[in-house]
Trainee: 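Structure incoming, see below.
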Amino acid sequence: MSAITNSAAPLAELAWRELLSQHTEDLPAALAAGPVSAYVGFDPTASSLHVGNLIPIMGLVHLQRAGHRPIALVGGGTGMIGDPSGRSSERNLQDLDTIAANAEAIRLQLAKFLDFEGPNAAKLVNNLDWLGGLGLIEFLRDTGKHFSVNYMMAKDSVKSRLENGISYTEFTYMLLQAYDYLELNRREGVTLQMGGSDQWGNITAGLELIRKSKGTDAHALTFPLITNADGTKFGKSTGGGSVWLDPERTSPYKFYQFWMGADDRDVSRYLRFYTLLSLEEITALDEQVRSAPERRAAQRALAADVTARVHSADAARVAQEVSALLFEKGDPRALSEAAIGALRNEIPFAEYTAPETPVGDGIDVLHCLVLLNIAASRGAAKRLLEQGGISVNGAKVQTAMVGHDALLAGRHLLIKKGQRDFGLVHVG
RNA sequence: GGUGGGGUACUCAAGUGGCCAACGAGAUCAGACUGUAAAUCUGACGGCGCAAGCCUUCGAAGGUUCGAAUCCUUCCCCCACCA
């Protein structure tokens with residue numbers, strides 16, 4: 001997969017994909033000169049990466065495809081400090097065990113994107129390995145000495161926090177990141193660090209440190225911040241929660257649906273960002289968005305591609321089939337028992353248990369909504385019902401009770417909230 | 001340590017003794033319209049409850065009062081300036 005083709009190619013590729021924010025001037029020459037080792041850092045603040053991390057991951061992927069060597073750094077050490085970049089308030093510190101567990105989980109997720117075999121095999125490192133045993137005196141002598149406070153205060157990440165306060169700990173973050181870069185430069189010959197555009201300041205601090213301690217140059221590259229056309233934050237599901245790469249947190253079906261829901265105005269960019277489809281293929285899909293937007297061909301391609309990469313080709317196929325079942329087939333009452341069996345694994349499912357104080361005869365739909373976690377409380381469920389937001393087996397319902405005769409094959413109820421939130425209940 | 005300002009629901013932000021579950025905006029959810037899109041309009045938006053109503057909330061704990069987010073006391077935290 002990673003035959004060395006044209007080492008300078010990734011820049012051209014990143015450029016047409018609109019993934020370049022800024023980079024150091026002589027980076028093109030460095031990439032053209034031969035394989036380069038490049039790294040991106042990931043914060044182990046959660047036990048899973050989310051779709052917001054995909055851009056830097058894809059950056060590594062493109063680099064590796066062009067024959068360079070990608071290194072993913074898990075911030076087991078820096079994660080205990082917290083990066084002030086892009087944040088308005090102080091972080092909560094996390095304990096060691098949590099961070100170690102998170103770092104390991106993230107490592108496994110990254111392994112899905114990068115090739116760890118071959119001449120330019122990817123590598124995973126954890127900065128706890130060198131930061132953990134770093135002494136304060138040593139750090140101040142060798143690293144702190146190279147930075148003036150004036151320089152540090154001029155960085156955006158610090159400047160924007162001066163009004164509301166920033167702890168000494170977070171203030172020091174950029175030095176630790178700089179130290180990481182220097183350390184990787186020494187250990188692994190890394191000469192390129194990449195990251196989101198908010199990382200520019202931290203990355204250049206690293207360049208500074210390498211230049212001052214070793215007298216050699218290194219490079220920086222940043223990716224643009226991703227925005228949605230409607231101004232909302234990228235990477236939030238319709239429920240407002242993050243879209244995670246971990247199937248336990250965000251099911252493959254939900255994940256697939258997240259991409260299916262992409263705005264027409266965004267989908268072309270997302271194809272460039274998050275898939276490896278060629279410019280020709282994407283241009284063809286763009287054309288389809290223009291001529292037949294209602295077919296959502298681009299969204300389908302996007303969802304299928306990303307789901308397959310993050311989960312598996314199988315998971316993507318199942319998500320696709322389930323989506324077709326829920327959105328494209330006519331009457332749920334015609335669903336076979338086998339089809340319902342497949343749904344059970346993909347959408348929220350609950351065994352029905354009668355509420356403690358039954359309101360009437362039959363099956364209590366409000367209770368089902370609570371069981372399925374589709375509604376937070378019975379009161380919320382009731383409001384949804386009153387507003388006509390609830391369908392059972394494809395038909396709107398206005399009453400809280402449905403008779404047992406409504407049950408589908410295998411005694412199930414298919415419940416829908418709004419346009420696209422489904423749940424399945426089995427009545428024993 | 002001193003002086004002044006501030007801590008209100010997911011976020012921003014009104015509210016200075018009863019009309020406050022708390023103005024408004026954003027976010028979110030639902031409905032109409034649609035294409036699983038956008039925009040627009042409508043409604044909902046602390047919890048429980050069919051309802052009447054009950055319960056919990058305005059940094060924390062006490063107190064005054066028939067009644068407090070609003071007044072008093074102590075404490076915690078943030079910001080600015082001064083030392």
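Just so it is clear, the model here is predicted, and its values are computed rather than measured. Letters A, B, ... mirror the listed sequences (proteins, then strands); counts begin at 1.
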Trainee: Under 4.0 Å: is that the gap between some side-chain N or O of A:Arg300 and OP1 or OP2 of B:U36?
Mentor: no
Trainee: Tell me the partner of B:U40, counting only Watson-Crick (N1-N3 plus N6-O4 or O6-N4) or G-U wobble (N1-O2 and O6-N3) with both under 3.5 Å; none if nothing fits.
Mentor: B:A32
Trainee: Nearest-Å distance, CZ (A:Arg378) to P (B:G53)?
Mentor: 20 Å
Trainee: A:Arg290 side chain N/O closer than 4.0 Å to the phosphate oxygens (OP1, OP2) of B:A37?
Mentor: no
Trainee: Using whole Å, report how far CG of A:Asp364 lies from C1' of B:C50.
Mentor: 11 Å
Trainee: Which one, B:U34, B:G35, B:A30, comes nearest to the side chain of A:Gln299?
Mentor: B:G35
Trainee: Suppose we call two aromatic rings close when their centres sit under 6.0 Å apart. Are A:Phe273 and A:Phe223 close by that rule?
Mentor: no
Trainee: So for A:Gln387 and B:U42, does any side-chain atom that can act as donor or acceptor lie under 3.5 Å from a complementary atom in the base?
Mentor: no
Trainee: Would you measure the distance from the C1' atom in B:C81 across to the matching atom in B:U28 and give it in whole Å?
Mentor: 41 Å
Trainee: Taking the P atom in each of B:A51 and B:U57, what is the distance between them to the nearest angstrom?
Mentor: 23 Å
Trainee: If the P atom of B:A61 is compared with that of B:A69, how far apart are they to the nearest Å?
Mentor: 13 Å
Trainee: Using modelled atom types and a 3.5 Å cut-off, is there a donor and acceptor pairing between side-chain atoms of A:Thr24 and backbone atoms of A:His219?
Mentor: no
Trainee: Both distances below 3.5 Å, Watson-Crick or wobble geometry, any strand: find the nucleotide opposite B:C20.
Mentor: none
Trainee: So which one's nearest nucleotide on RNA chain B is more toward 5', A:Met260 or A:Leu366?
Mentor: A:Met260
Trainee: Identify the residue among A:Leu325, A:Leu424, A:Asp421, A:Ile415 that makes a side-chain contact (heavy atoms from CB on, under 4.5 Å) with A:Ile347.
Mentor: A:Leu424
Trainee: Reckon A:Arg296 touches a base, only the sugar-phosphate, or nothing at all at heavy-atom distances under 4.0 Å?
Mentor: base
Trainee: Using a 3.5 Å distance criterion without hydrogens, assess whether the side chain of A:Thr204 forms a donor-acceptor pair with backbone atoms of A:Gly201.
Mentor: yes
Trainee: Distance check, P atoms only: B:A14 and B:G7, in whole angstrom units.
Mentor: 9 Å
Trainee: What is the base-pairing partner of B:U70, counting Watson-Crick and G-U wobble geometry with both distances under 3.5 Å?
Mentor: none
Trainee: If you count heavy atoms of other groups shown closer than 6.0 angstrom to CZ of A:Arg333, is the number above 12?
Mentor: no
Trainee: Now, which nucleotide makes the Watson-Crick or G-U wobble pair with B:A25, with each of the two distances under 3.5 Å?
Mentor: B:U11
Trainee: Taking N and O atoms by type only, does the side chain of A:Glu294 place a donor or acceptor under 3.5 Å from a partner on the base of B:U34?
Mentor: no
Trainee: Measure centre to centre between the rings of A:Phe327 and A:Tyr256, then say whether the value is under 6.0 Å.
Mentor: no
Trainee: Should B:A52 form a Watson-Crick or G-U wobble pair with both distances under 3.5 Å, which nucleotide is its partner?
Mentor: none
Trainee: Could you check which of B:A38, B:U36, B:C50 has an atom nearest any side-chain atom of A:Asp230?
Mentor: B:A38
Trainee: Expressed in angstrom and rounded to an integer, what is the separation of A:Arg295 atom CZ from B:U36 atom P?
Mentor: 13 Å
Trainee: Does the plane of the ring in A:Tyr151 sit parallel, tilted or perpendicular to the ring in A:Phe147? Use 30° and 60° as the thresholds.
Mentor: tilted
Trainee: Among the nucleotides B:A30, B:U36, B:C50, which one has an atom lying closest to any side-chain atom of A:Leu384?
Mentor: B:A30
Trainee: Taking the side chain of A:Lys396 as heavy atoms from C-beta outward, which of B:U36, B:A32, B:A38 is closest to it?
Mentor: B:A32
Trainee: Can you check the A:Leu369 CG to B:G49 C1' distance for me, whole Å?
Mentor: 16 Å
Trainee: Determine the contact category for A:Glu386: base if any of its heavy atoms lies under 4.0 Å from a base atom, sugar-phosphate if only primed atoms, P, OP1 or OP2 are that close, otherwise nothing.
Mentor: nothing
Trainee: Counting only side-chain heavy atoms from C-beta out, which of B:U36, B:G35, B:G47 sits nearest to A:Asp264?
Mentor: B:G35
Trainee: Suppose you measure atom C1' in B:C10 against the same atom in B:A27; what distance do you get, rounded to whole Å?
Mentor: 7 Å
Trainee: Look at A:Lys416 and B:U36 and indicate whether a side-chain polar atom (N or O) is within less than 4.0 Å of OP1 or OP2.
Mentor: no
Trainee: If we take the P atom in both B:C66 and B:G49, what is their distance in whole Å?
Mentor: 36 Å
Trainee: What is the distance from CG of A:Leu302 to P of B:G35, rounded to the nearest Å?
Mentor: 21 Å
Trainee: What's the gap between B:G1 and B:C55 when it is taken at their P atoms, as a whole Å value?
Mentor: 42 Å
Trainee: So which nucleotide does B:G1 pair with, by the Watson-Crick or G-U wobble rule with both distances under 3.5 Å?
Mentor: B:C82
Trainee: Which heavy atom in A:Phe116 sits nearest to a heavy atom in A:Leu114, and how many Å separate them?
Mentor: CD1-O, 3.2 Å
Trainee: If I pick the P atom on B:G67 and the same atom on B:C19, what distance separates them, to the nearest angstrom?
Mentor: 14 Å
Trainee: Measure the distance from CZ on A:Phe327 to C1' on B:A37 and round it to the nearest whole Å.
Mentor: 13 Å
Trainee: Taking atom P of B:U28 as reference, at what distance in whole Å does atom NZ of A:Lys417 sit?
Mentor: 12 Å
Trainee: So which nucleotide from B:G31, B:A51, B:G47 ends up closest to the side chain of A:Lys382?
Mentor: B:A51
Trainee: Between B:A39 atom P and A:Asn228 atom CG, what is the distance in whole Å?
Mentor: 11 Å
Trainee: From the list B:A38, B:C50, B:U36, which nucleotide is the closest neighbour of the side chain of A:Arg420?
Mentor: B:U36
